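Comments concern the structure below.
In this text, all values refer to a predicted model and were calculated from it rather than measured experimentally. Numbered from 1 within each chain, the chains take letters A, B, ... in sequence-line order.
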Protein chains: 2
Amino acid sequence: MPTLSQENYLKALWHLTAGGKVSLQRLASHLGISPASTLAMVRKLASDKLVTYNRAAGIRLTVKGQAAATQIVRRHRLWEVFLHDKLGYRWDEVHDIAEQLEHVAPADLTERLDAFLGHPTFDPHGDPIPQRDGTIPQRTELVLSEQPPGSYRIVGLAETRDELLRQLTSLHLTIGQVLELRDHRRFDDVFVLRVGSRTEHVGRAVADRILVEPA
Amino acid sequence: MPTLSQENYLKALWHLTAGGKVSLQRLASHLGISPASTLAMVRKLASDKLVTYNRAAGIRLTVKGQAAATQIVRRHRLWEVFLHDKLGYRWDEVHDIAEQLEHVAPADLTERLDAFLGHPTFDPHGDPIPQRDGTIPQRTELVLSEQPPGSYRIVGLAETRDELLRQLTSLHLTIGQVLELRDHRRFDDVFVLRVGSRTEHVGRAVADRILVEPA
DNA sequence: TATGACATTTAGACTTGACTAAAATACGCA
DNA sequence: TGCGTATTTTAGTCAAGTCTAAATGTCATA
């Protein structure tokens, strides 16, 4: 049970680690905190066995720290999906609010939220949501709007906003449905689809949110 | 913008005020904090013009303090509805979690949440949710399960859990519907209703959540 | 190998929100 | 009116998380 402040350090480390060795300096400037204060906190994290630190190797998350950080990122991204899909915030507004919500973590809340949102795998920015077991989804599905004409099966939806869901349902564009992408009229950004025996025209907002595999 | 800790004091004051003069002592023991610490915080609140304090009158919320406290209670109870209706927590589990969430208050979030939940007027405990303008709903609707046989119009639902909503919809028990309560079979807690031309049998879980007025 | 640039570490201090212990005040009632 | 009890207030501490300034290390390279 890291403190709120410790959680921010862990999350920052999770993000920075991808970019190579994490020096005090780098962590400090990422967080906008002085190197002196950063060192103090890194020592606390080390005494809680969440990180290891020495000058040469820099700061490294331990297995325990990794797990904690991953769960924080998971909570953050799930809240982003909630704010976007359910409350209708724009994708560029959700980050700051999720920043607040991610620290609320009573047993169960994350998993209930995940279920309520339909176990999403990507957040509104397109970043993967770490799963309960810590694995990170890889984009294997294709986004319909980026495909060449052809036959595809819908394997998922990138969003669960009621309005979008209703529209997709009314077009029979639900998971499992096979469709044929006929044309992308680029001048007005309309996608022409053959769904069952009907021809449908959908805009980019819809085509961007349909995840498919070749059929 | 009171601090997190100040918000807890304001909320406590809001609740205690109903019970008469609020002495330092009373506030302190309600919060489980020493009178000395409480005095220190009350002075801060006073310097922010959120409360007035003197020995004789005790601690009183100013108009500004009232407004702030009311919004905190509003946020708390809206989150309770979310946790109960949407995430499926039991009514006795939601308080502690809402306690955490109520302090997250970026512009807009409360109103969006309110809209998403369908502008509820009572929380899962049956307590009124202060409205955006600060007014406190009064229970004017009647709970179907507490009425004598007769004709009623449905004016609201006490809950928006999808499962409940689906069940009510499938029974045609939606807002505006007129129904006749025929009987309450007390030995097995089943309510016998006449809805349109059909006779329906519903249990207490449903009858408790239908708000009606005589028709 | 000595030096300058940059990174790290130490030292000391501040703010917030809590604490305890003890002093001051108020209040009920004998 | 004054005593005893309860409440309020003061004074001094503490821990967390931050700061600044200054001291110390490290390292590439001139």
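Within 6.0 Å of CZ in A:R60 there are 12 or fewer heavy atoms belonging to other residues, nucleotides or ligands. Taking a 6.0 Å sphere around CZ of A:R139, one finds it holds more than 12 heavy atoms contributed by other residues, nucleotides or ligands.
Spacing between atom CG of A:D48 and atom P of D:dG17 amounts to 10 Å, rounded to whole angstrom units. Rounded to whole Å, the distance from CZ on A:R55 to P on D:dT24 is 13 Å. Rounded to a whole Å, the NZ atom of A:K21 is 11 Å from the C1' atom of D:dT26. Atom CG in B:N54 sits roughly 14 Å away from atom C1' in C:dT25 (whole-Å rounding). In this structure, the CD atom of B:Q25 is 12 Å from the C1' atom of D:dT5, given to the nearest Å. As a whole-Å value, the separation of B:I59 CD1 from D:dT7 C1' is 12 Å. We find that CG of A:L27 is positioned 14 Å from C1' of C:dT8, with the value rounded to whole Å. Taking atom CZ of residue B:R26 and atom P of nucleotide D:dT8, one finds them 11 Å apart after rounding to whole Å.
Between B:Y9 and C:dT16 there is no side-chain polar atom (N or O) within less than 4.0 angstrom of OP1 or OP2. Using a 4.0 Å cut-off, some side-chain N or O of A:S37 falls inside it from OP1 or OP2 of D:dC19. One finds no side-chain N or O of A:S23 lying less than 4.0 angstrom from the OP1 or OP2 phosphate oxygen of C:dA7. OP1 or OP2 of C:dG17 sits under 4.0 Å from a side-chain N or O of B:K44.
Of the possible donor and acceptor atoms, none in the side chain of A:S23 sits under 3.5 Å from a partner among the backbone N and O of A:G58.
Within the nucleic acid shown, B:A36 comes within 4.0 Å of at least one base atom, counting heavy atoms only. Within 4.0 Å of B:S34, counting heavy atoms only, lies at least one base atom of the nucleic acid. The residue B:S5 sits close only to the backbone: its heavy atoms come under 4.0 Å of sugar-phosphate atoms, none of a base. The residue A:R43 sits close only to the backbone: its heavy atoms come under 4.0 Å of sugar-phosphate atoms, none of a base.
Checked against side chain to side chain donor-acceptor pair (under 3.5 Å), A:Q177 has no partners two or more places apart in sequence or in another chain.
Two residues, A:A40 and B:Y53, neighbour DNA chain D, and the one matched to the more 5' nucleotide by heavy-atom proximity is B:Y53.
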Determine, stepwise, if the pair A:D108 / B:Y89 fulfils side-chain contact (heavy atoms from CB on, under 4.5 Å).
-> CA-CA 10 Å; A:D108 243 47; B:Y89 278 100; 3.4 Å; yes
